[in-house]
Structures are given as structure tokens and as C-alpha cells.
Amino acid sequence: QVQLLESGGGSVQAGGSLRLSCVPSGYTYSGTCMAWFRQAPGKEREGVAARYSVGGATNYVDSVKGRFTISRDIDTNTLYLQMDSLKPEDTATYYCAAARTGLWNNFCLQLHPGPYNYWGQGTQVTVSS
């Protein structure tokens with residue numbers, strides 16, 4: 001059974017930084033993507049950043065480019081989202097997501113929720129002005 005355990009959310013002032021972590025269990029990160037999505041109250045879930053296991057290719061939604069960085073620590077098998085220069089509009093519940101192992105195509109980089117079969121429980125990020 002695949003489980004994704006997130007941590008690192010919290011409350012910060014605008015301009016601050018947070019780092020989210022996601023530790024998968026029962027999951028093989030091979031030929032597939034892991035990603036971060038977010039959902040603010042009253043809004044649809046939005047793809048924020050994704051990372052493809054082949055070559056480490058990444059993709060970001062335009063609103064976070066240059067401020068957020070998705071990465072993975074091979075030794076600890078942890079997916080990170082480093083969030084800098086946070087803005088109030090970044091306030092949302094952030095979810096770690098993992099696509100099915102062995103897709104062997106990078107469509108999952110497109111930040112659509114469709115390819116993602118596994119989801120974490122979410123961690124709240126609140127940015128005050």
C-alpha cells in the first residue's frame with residue numbers, strides 16, 4: 001500500500017520561506033513523476049511542481065517559477081518543495097502526489113491531477129501580508 005507522508009507546513013509572513021517534505025512508503029519512483037499540488041478554499045486543486053524520475057526533469061506552474069524548487073533526496077527517498085519569497089496568494093493546503101510507477105513518459109510533468117494515483121493527507125501553508 002502506497003503512503004505519502006507530508007510535513008513542513010506552517011504560517012509565515014510574506015517574503016518568508018518554508019520547505020515541505022514528502023516521504024513515500026510502498027512506492028517505487030521509477031519511470032514516473034512525483035509532484036506537489038495545492039488547493040485554496042473555494043478554488044480547484046492546482047498543480048504546483050512536478051519532477052520526472054528520468055533525468056530529474058521538472059515543471060512549475062507560472063506563478064511559482066523562480067520562487068519554488070522541487071527536488072528529491074536519493075539517500076532518504078524524500079521529495080521536497082522549497083518555497084521562497086512566499087506571497088499571501090500561496091496560502092493553501094499542499095498535497096504531495098505520486099503517479100503510477102512505470103509510465104515511462106513525461107506527460108505527468110504537465111501538472112494535471114489525472115496521472116496521479118496516490119495522494120498525501122495535505123499540509124497547510126498560510127502566508128500573511
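Side-chain atoms are counted along with the backbone in the values below, which use heavy atoms only and exclude waters and symmetry mates.
- Under a hydrophobic clustering in which Ile, Leu, Val, Met, Phe, Trp and Tyr are joined whenever their side-chain heavy atoms come within less than 4.5 Å, directly or via other members, Met34 and Val61 fall into the same cluster.
- Checked by atom type and distance alone, the side chain of Tyr94 never pairs as donor or acceptor with a backbone atom of Gly8 at under 3.5 Å.
- Between Val127 and Gln13, the closest side-chain pair of non-hydrogen atoms is not below 4.5 Å.
- For residues 70-80, there are no salt bridge (Lys or Arg N to Asp or Glu O under 4.0 Å) pairs, not counting sequence neighbours.
- The line from CG of Leu111 to CG of Asn59 is 4.5 Å long, rounded to the nearest 0.5 Å.
- Taking each heavy atom of Trp36 and Tyr80 in turn, the nearest pair found is NE1-O, 3.4 Å.
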Output side-chain donor-acceptor pairs under 3.5 Å for residues 95-108, partner residues at least two apart or in another chain, one line each.
{"unit_1": "Thr101", "atom_1": "OG1", "unit_2": "Thr28", "atom_2": "O", "d": "2.5"}
{"unit_1": "Asn105", "atom_1": "OD1", "unit_2": "Phe107", "atom_2": "N", "d": "3.0"}
{"unit_1": "Asn105", "atom_1": "ND2", "unit_2": "Leu103", "atom_2": "O", "d": "3.4"}

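- Side-chain N or O atoms of Thr123 include one that pairs as donor or acceptor with a backbone N or O of Gly9 at under 3.5 Å.
- Residues meeting the side chain to side chain donor-acceptor pair (under 3.5 Å) test with Ser128, sequence neighbours left out: none.
- Scanning all heavy atoms of the two residues, the minimum distance from Ser53 to Ser30 falls at OG-C, 3.6 Å.
- Contact detail for Leu4 and Cys22: the closest heavy-atom pair is CB-SG, 3.9 Å.
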Applying side chain to side chain contact (heavy atoms under 4.5 Å, CB included), run through Thr32 and Tyr27 and close with a yes or a no. CA-CA 11 Å; Thr32 189; Tyr27 180 71; 3.0 Å; yes
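- Judged as a ring-ring contact (aromatic ring centres under 6.0 Å, His included), and not counting sequence neighbours, the contacts of Tyr116 are Phe37.
- Criterion: ILVMFWY side-chain heavy atoms under 4.5 Å apart, direct or through other members. Under it, Val12 and Val48 are part of a common hydrophobic cluster.
- Closest approach of Gly26 to Val2, counting heavy atoms only: O-CG2, 3.2 Å.
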Kindly indicate, with the supporting measurements, whether the criterion side chain to side chain contact (heavy atoms under 4.5 Å, CB included) is fulfilled by Thr69 and Leu81. CA-CA 6 Å; Thr69 304; Leu81 184 68; over 6 Å; no
Run the numbers on Glu6 and Gln121 for side chain to side chain contact (heavy atoms under 4.5 Å, CB included), then give the verdict. CA-CA 7 Å; Glu6 302 139 330; Gln121 80 285 356; 3.1 Å; yes
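- Taking 4.5 Å as the limit, some side-chain heavy atom of Val125 sits within range of a side-chain heavy atom of Leu20.
- Annotation: side chain of Cys33 is in contact with side chain of Leu109 (closest heavy-atom distance under 4.5 Å).
- When the salt bridge (Lys or Arg N to Asp or Glu O under 4.0 Å) test is applied to Lys43, no partner is found at least two apart in sequence or on another chain.
- Among residues at least two apart or in separate chains, side chain to side chain donor-acceptor pair (under 3.5 Å) pairs with a member in residues 84-93 are Ser17-Asp84, Arg38-Asp90, Arg67-Asp90, Gln82-Asp84, Thr93-Gln124.
- Atom-to-atom distance recorded for Thr58:OG1 and Lys65:NZ is 9.5 Å, nearest 0.5 angstrom.
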Give the C-alpha distance, both sets of side-chain angles, the deciding distance and a yes or no for side chain to side chain donor-acceptor pair (under 3.5 Å) between Tyr29 and Arg51. CA-CA 10 Å; Tyr29 181 56; Arg51 185 181 186 278; 3.0 Å; yes
Please evaluate residues Val23 and Thr76 with respect to the criterion side chain to side chain contact (heavy atoms under 4.5 Å, CB included), reporting the C-alpha separation (whole Å), side-chain torsions for both, the decisive distance (0.1 Å), and the verdict. CA-CA 8 Å; Val23 180; Thr76 62; over 6 Å; no
